[in-house]
Amino acid sequence: MGEVAEATGYADLWASLHAIGRDAGTGGYRRFAWNAADLACREWFAAQAADRGLTVETDRNGNQWARWEPEPALVPGPEAKASGAGALAIGSHLDSVPDGGAFDGPLGVISSFAAVDLLRSRGWRPNRPVVIANFTDEEGARFGVACTGSRLMSGLLDADKARGLCDADGVRLADAMERVGLDPRAIGRDEDRLGDIAAFVELHIEQGRALDDVGAPVGVASAIWPHGRWRFDFDGEANHAGTTALEERRDPMLTYAHTVLSARKKARLGGALATFGRVRVDPNGTNAIPSRVRAWLDARAPDEAVLAAVVKDIREAAVQRARRDGTTLDVENESLTPVVEFDGVLRGRLSKALEPEFGTVPVLPTGAGHDAGILAAEVPTAMVFVRNPTGRSHTPHEHAETTDCHAGVRALAHIVADLAGGESGS
Ligand SMILES: [Zn+2]
């Protein structure tokens, strides 16, 4: 057994979370904001913190924080006082996409608890608070907006708009929060919480194969691609599938299908990514031409100009096709997240802290959104990626090798030791 396995009970830590919200049929996770599985994950988080003697708080926006305070003898050190040292935040999220994998989110939370265990086993103590975050509703699987917890905390998501968000059953976010004993009137920008955080480092499974390609167990993020979601409403005319001649039809499915193909082509030509992964058909009958096809475009690109150009191209191709099909198109932008460049100084410091064990670590951009991307606008923020050998993510097949997960824990421990500037007892 390695140091991580021995010092942290790492396998047990995973085992204790494994069954929560896991669908027996698919093997995927269904941990959506404020559902029973999500609440069980939150209880798990509180229990893990309590086991370690960390205090747990739930903030106004529903994010959980487990806090490791420096011992009184070590604060206030003159140095900490002079720099007005706030907390070092680590952590990630515990919610999932529909049938998500085990690692996206939980790897960062579990690694954070394990890094605390590892540092303690080495006799290390922080000289500033170290807080572990469980951000609420990172995936947006239930209410449609990703990173709700961090967006609310930073004021990026309007509180009124958030309260009114509805899930597929028509349950409002405000009511879902109220049902679990939280006050939805209190959500919104949290100046105190933001002011308390000196830096945030999120460890996450890589959602691609870049680390595997270069044979590295961990890497550091450079930037998050700008990305957004657009709702496409294709409207036509419902009619009988058996009696309506082809030339008589106004079939929005046809326009939609053509748009999917052109999105692929425009993305390829533009060096971007475009995906239609969600679609709703009315009336959704096998023997009926649809009256409406509502579909969501997820698009991402290396920079904002490319993203805007590719989405414009997709939209124009759809409008042209709609003219041919006798259908109409309405496009609504539901969210748009600008490019995020992670703090260069912090990134450099991470690389330096990792160098003694890992050598020169790869620095890579990602197309996936994260709470770290939201917080980057407020505090110095960085990300550590752990190798994903298949690159698959948002599927039950998502996987990371245990040895790489252990490397991630050690990496995080190096970073905490550096940034929270503690003293070693050994
Ligand atoms: Zn994630």
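Everything quoted here is computed from the prediction, not taken from an experiment. Start at 1 and go down the list; that is how both ligands and their atoms are numbered. Values below: all heavy atoms of this structure, side chains included; hydrogens, waters and symmetry mates excluded.
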S.K.: Quick one: salt bridge (Lys or Arg N to Asp or Glu O under 4.0 Å) partners of R229, sequence neighbours excluded?
M.R.: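 Partners of R229 under the salt bridge (Lys or Arg N to Asp or Glu O under 4.0 Å) test: none.
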
S.K.: So, using side-chain hydrogen bond (donor to acceptor under 3.5 Å, both in side chains) as the criterion, who are the partners of T55 when residues are at least two apart?
M.R.: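 So T55 forms no side-chain hydrogen bond (donor to acceptor under 3.5 Å, both in side chains) with any residue.
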
S.K.: As a quick check of understanding, evaluate salt bridge (Lys or Arg N to Asp or Glu O under 4.0 Å) for D160 and R163, giving each step before the final call.
M.R.: CA-CA 5 Å; D160 275 332; R163 279 187 281 265; 2.8 Å; yes

S.K.: Taking the six-membered ring for Trp, are F113 and W68 ring centroids under 6.0 Å apart?
M.R.: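 No - the distance between ring centres of F113 and W68 does not fall below the 6.0 Å cut-off.
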
S.K.: Please report how many protein N/O/S atoms lie under 2.8 Å from the Zn ion (ligand 1).
M.R.: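 That number is 3, waters not included.
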
S.K.: List for me each residue that meets side-chain hydrogen bond (donor to acceptor under 3.5 Å, both in side chains) alongside S96, sequence neighbours excluded, and say none if there are none.
M.R.: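 Expected list: none.
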
S.K.: Compare every heavy atom of A176 with every heavy atom of F143, then report the nearest pair and how far apart it is.
M.R.: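 Shortest heavy-atom contact: CZ-CB, 3.8 Å.
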
